[in-house]
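All remarks here apply to the structure that follows.
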Amino acid sequence: MSSRSAIIERVTPIFREVFDDRSLVVTEQLDASQVPQWDSLAHISLVVALEDEFGIEFTTEELAEMETVGDLLRMLESKGA
Amino acid sequence: MDLESLAVDMRAEESVTFDDAQLAAFRDLVGDDAPVHWSVSRARAMGYRDRIVYGFLVASRFSGILGTRLPGPRTVIYSVRFDLVAPVYLDERIRYVVRVSQVAKSVRTAVLELSATREDGELVLRGTAQCGFPK
């Protein structure tokens with residue numbers, strides 16, 4: 001399994017839990033506009049859960065640059081996920 | 001306390017008991033006069049040994065701890081999840097513990113574990129709270 005696929009496999013249950021959608025399919029193209037439940041509070045919960053899962057910390061600059069799940073995956077890879 | 005001062009494993013604790021006056025005030029505030037809280041016979045018929053304290057009242061004590069001590073008055077509660085694991089009875093001492101489990105500075109948010117136990121250590125409530133530090 002590629003590194004990218006392995007990361008998607010780890011983030012998928014987090015996305016499904018935060019957005020309370022067991023059928024949510026996480027793709028690199030996914031962004032907030034495609035998920036109705038993705039509001040500012042859910043975004044905070046998502047970041048908190050991802051930092052906990054991967055043992056990392058994002059910077060505010062990184063979060064500001066993150067527009068799609070693909071951006072998120074690249075950031076996680078750069079942090080050694 | 002500010003976000004920069006917060007650290008994992010910081011704790012705040014308190015112990016309280018609940019009496020009839022508090023139950024009556026809560027009942028009047030929220031409009032819940034369910035008999036399990038007011039009738040011994042009805043409570044026992046439902047399987048409890050006596051009248052039980054409102055679950056939301058038990059949980060409400062965390063508002064005071066979160067809002068005034070840990071993480072304190074510079075935060076607002078974003079979300080709370082809790083399980084009412086066991087009933088609480090009037091006049092029994094309940095110990096509340098709030099522990100910082102995660103600090104996410106990127107989103108100015110703290111995650112806290114919540115627990116409430118009887119004097120013998122039996123868990124009555126467990127939960128988590130996310131509290132934010134608005135700029």
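Note that these values count all heavy atoms, side chains included, but never hydrogens, waters or copies made by symmetry. These figures come from a predicted structure and were not determined experimentally. In what follows, chains are A, B, ... by sequence order, proteins preceding strands, each numbered from 1.
When hydrophobic clusters are built by joining Ile, Leu, Val, Met, Phe, Trp and Tyr residues whose side-chain heavy atoms come closer than 4.5 Å, directly or via intermediates, A:V69 is grouped together with B:V107. Under the 4.5 Å side-chain heavy-atom criterion for grouping Ile, Leu, Val, Met, Phe, Trp and Tyr, B:L6 is not connected to B:V76 through any hydrophobic cluster. Residue B:M46 is not grouped with residue B:V124 when hydrophobic side chains (ILVMFWY) are merged at heavy-atom distances under 4.5 angstrom, including chains of intermediate members. Both B:L112 and B:M1 are members of a single hydrophobic cluster when ILVMFWY side chains are connected at heavy-atom separations under 4.5 Å. B:L57 is not connected to B:I52 by any chain of hydrophobic side-chain contacts under 4.5 Å among Ile, Leu, Val, Met, Phe, Trp and Tyr, and they are in different clusters.
Chaining together hydrophobic side chains whose heavy atoms lie under 4.5 Å apart places B:V85 alongside B:L123. Other residues sharing the hydrophobic cluster of B:V40, ordered by chain and number and joined by side-chain separations under 4.5 Å: none, the residue standing alone.
Residue A:I44 touches chain B through both its backbone and its side chain, counting heavy-atom pairs closer than 4.5 Å. Contact of A:V47 with chain B is made through the side chain alone, with heavy-atom distances under 4.5 Å.
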What are the sub-3.5 Å donor-acceptor pairs between chain A and chain B, distances to 0.1 Å?
from, atom 1, to, atom 2, distance (Å)
A:E17, OE2, B:R81, NH1, 3.0
A:S45, OG, B:Q130, OE1, 3.3
A:V48, O, B:Q102, NE2, 2.8
A:E51, OE2, B:S106, OG, 2.6

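Using a 4.5 Å heavy-atom cut-off against chain B, no residue of residues 22-29 of chain A qualifies as contacting.
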